[in-house]
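Below is one structure, written out as C-alpha cells; the observations come after it.
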Amino acid sequence: MPQSAKRPVVIVTRKLPDVVETRMRELFDARLNLDDRPMSQADLIEAVKTADVLVPTVTDRIDRAVLSQAAPNLRLVANFGTGVDNIDLDTARNRGILVTNTPGVLTEDTADMTMALILAVPRRLAEGTAYLKDGRNHWSGWAPTWMLGHRIFGKRLGIIGMGRIGQAVARRARAFGLQIHYHNRRRLSEEIEQDLEATYWESLDQMLARMDIISVNCPHTPATYHLLSARRLKLLKPTSYVVNTARGEVIDENELARLIEAGAIAGAGLDVFEHEPAVNPKLLASDRVISLPHMGSATIEGRIDMGEKVIINIKTFLDGHAPPDRVHPAMF
Ligand code: 8YV
C-alpha cells in the first residue's frame with residue numbers, strides 16, 4: 001500500500017503559511033485549501049465525513065449540525081486559533097471529539113495591536129493620515145489648536161479579562177504611564193498584581209464608570225456574550241474610549257455605535273466585530289473609530305507559530321499522547 005493511503009487525513013479549511021503546509025504534507029495526508037476559498041457549512045459537513053483531523057479557523061462555524069454529521073474517524077478538531085467560540089464544544093465533547101487550540105503564541109502580537117489602538121484612537125492617527133491622503137485637503141501647515149487628541153499618560157486603563165493577553169497589555173500600558181485596573185472572573189495573585197501595579201475591581205460596573213480607556217481581552221463564551229451590554233456601556237464616561245481585540249460578541253456593537261454617534265463615548269479602536277465580516281456602517285463612518293479587519297495576530301511569525309502548534313497537537317494526538325493544548329484538559 002502506498003504510504004499516503006495509511007496516513008491520517010487532515011483537512012485544513014484555509015490557506016496557511018507555506019512552511020506550515022509543507023510540514024503538514026510531510027507528516028499527514030493533508031488536504032489543503034490552496035486557493036483559500038472559505039468553506040460553506042455544506043463543505044464543512046463533507047470535510048468531517050472524511051477527515052481524521054479537522055483544522056478550522058475563526059471563519060468556520062463548527063456547530064452541532066456539522067459535528068453531528070462527523071464520521072467516527074473524526075477524533076480531533078485542531079483549531080488554528082486561540083478562541084474556540086467557532087466550535088460547539090459541548091457537542092464535540094459529547095461525541096468524544098477532542099478540541100485543541102493555539103494559546104500563547106499570539107499573546108505578544110495581540111497585545112501590541114491592543115496597545116497600538118490605545119495610542120492611535122485618543123491621538124487621532126487614522127484621522128491625521130486620512131486628512132493628508134485626501135487630495136481635496138490642502139494642508140496649510142501646523143496649527144496650535146488643530147488635530148488635538150487626548151494624552152494617555154496618567155490615565156486609567158480598565159482591562160476586562162486579565163489572562164495572558166490582558167497581562168501583556170498591562171505590561172505595555174504601564175510603560176506608557178497608564179494606571180492599570182482590571183476585572184476578571186478570578187482575582188490575580190498578589191504577586192502578579194504587584195508586579196503589574198494592577199488594581200482589581202470585583203464589580204465591572206464600578207470599574208467601567210471610572211475608566212478613561214477600556215480594553216476587552218476576555219474570550220467570547222456564553223458568559224461574556226454582550227458583557228458590555230447597552231446598560232453597561234451607558235456607565236462609561238463620555239470622555240472614555242473602548243478598545244476591543246478579543247471578540248466582537250463581547251460588546252453590544254449597535255449600542256456602542258449609537259453611543260459614539262451620540263457623543264456619549266469618545267471613540268473606539270476595534271479589531272473585531274459582532275457579525276464579522278460585516279461591520280456596523282455607523283462605526284465605519286465615524287471619525288472617532290478605528291476599525292481593523294481582525295489583524296491582532298496577523299504577523300508572519302505568529303501565523304507560523306500557530307501552525308507549528310497545530311502540528312504539535314495533531315502529531316502528539318496521533319502518536320497516542322495527550323496533545324498539549326486541549327480545550328477540555330480532562331479529555332484524553
Ligand atoms: C486568529 C484570534 O487569527 O486566535 C484567535 O482567537 O482571534 C485570531 O487572532 C484567528 O482566530 C484564527 O482562527
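Order of appearance sets the numbers: ligands from 1, and atoms from 1 within every ligand.
Residues Arg232 and Asp205 are paired through a salt bridge, judged by an N-O separation under 4.0 Å between the basic side chain and the carboxylate.
Listed by number with element, the atoms of ligand 1 under 4.0 Å from a non-hydrogen atom of Thr57 are 13 (O). Within ligand 1, the atoms closer than 4.0 Å to a non-hydrogen atom of His294 are 2 (C), 7 (O), 8 (C), 9 (O), numbered from 1 in the order shown. Less than 4.0 angstrom separates some heavy atom of Gly81 from each of these atoms of ligand 1: 4 (O), 12 (C), 13 (O). Counting atoms of ligand 1 from 1 in the listed order, those under 4.0 Å from a heavy atom of Arg303 are 3 (O). Close approach of ligand 1 to Thr82 (heavy-atom distance below 4.0 Å) involves ligand atoms 4 (O), 5 (C), 6 (O).
With a heavy-atom cut-off of 4.0 Å, Leu106 touches ligand 1 through its side chain alone.
At the top of the distance list for atom 6 (O) of ligand 1, counting protein heavy atoms only, stands Gly83 N, 2.7 Å. Atom 12 (C) of ligand 1 has as its closest protein heavy atom Phe80 O, 3.0 Å. At the shortest separation from atom 11 (O) of ligand 1 among protein heavy atoms lies Val58 CB, 3.4 Å.
By heavy-atom distance, the residue among Arg247, Met295, Met306 lying nearest atom 7 (O) of ligand 1 is Arg247. Considering Gly302, Pro103, Ala246, Ser297 only, the shortest heavy-atom separation from atom 1 (C) of ligand 1 involves Ser297.
Using a 4.5 Å heavy-atom threshold, the side chains of Ser215 and Leu157 count as touching. A heavy-atom distance below 4.5 Å is not found between the side chains of Val55 and Thr13.
Under the 3.5 Å distance criterion, with hydrogens and angles disregarded, a donor-acceptor pair is assigned to the side chains of His226 and Glu274. Asn79 and Asn86 form a side-chain donor-acceptor contact under 3.5 Å, judged by distance and modelled atom types alone.
Relative orientation of the Trp201 and His181 rings is tilted, given thresholds of 30° and 60° on the angle between their planes.
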- [ ] Evaluate side chain to side chain contact (heavy atoms under 4.5 Å, CB included) for Thr100 paired with Leu76, printing each intermediate quantity in order.
- [x] CA-CA 8 Å; Thr100 58; Leu76 174 65; 3.9 Å; yes
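Across Ile192, Leu188, Val169, Asn217, a single residue satisfies side-chain contact (heavy atoms from CB on, under 4.5 Å) together with Met162, and that is Leu188.
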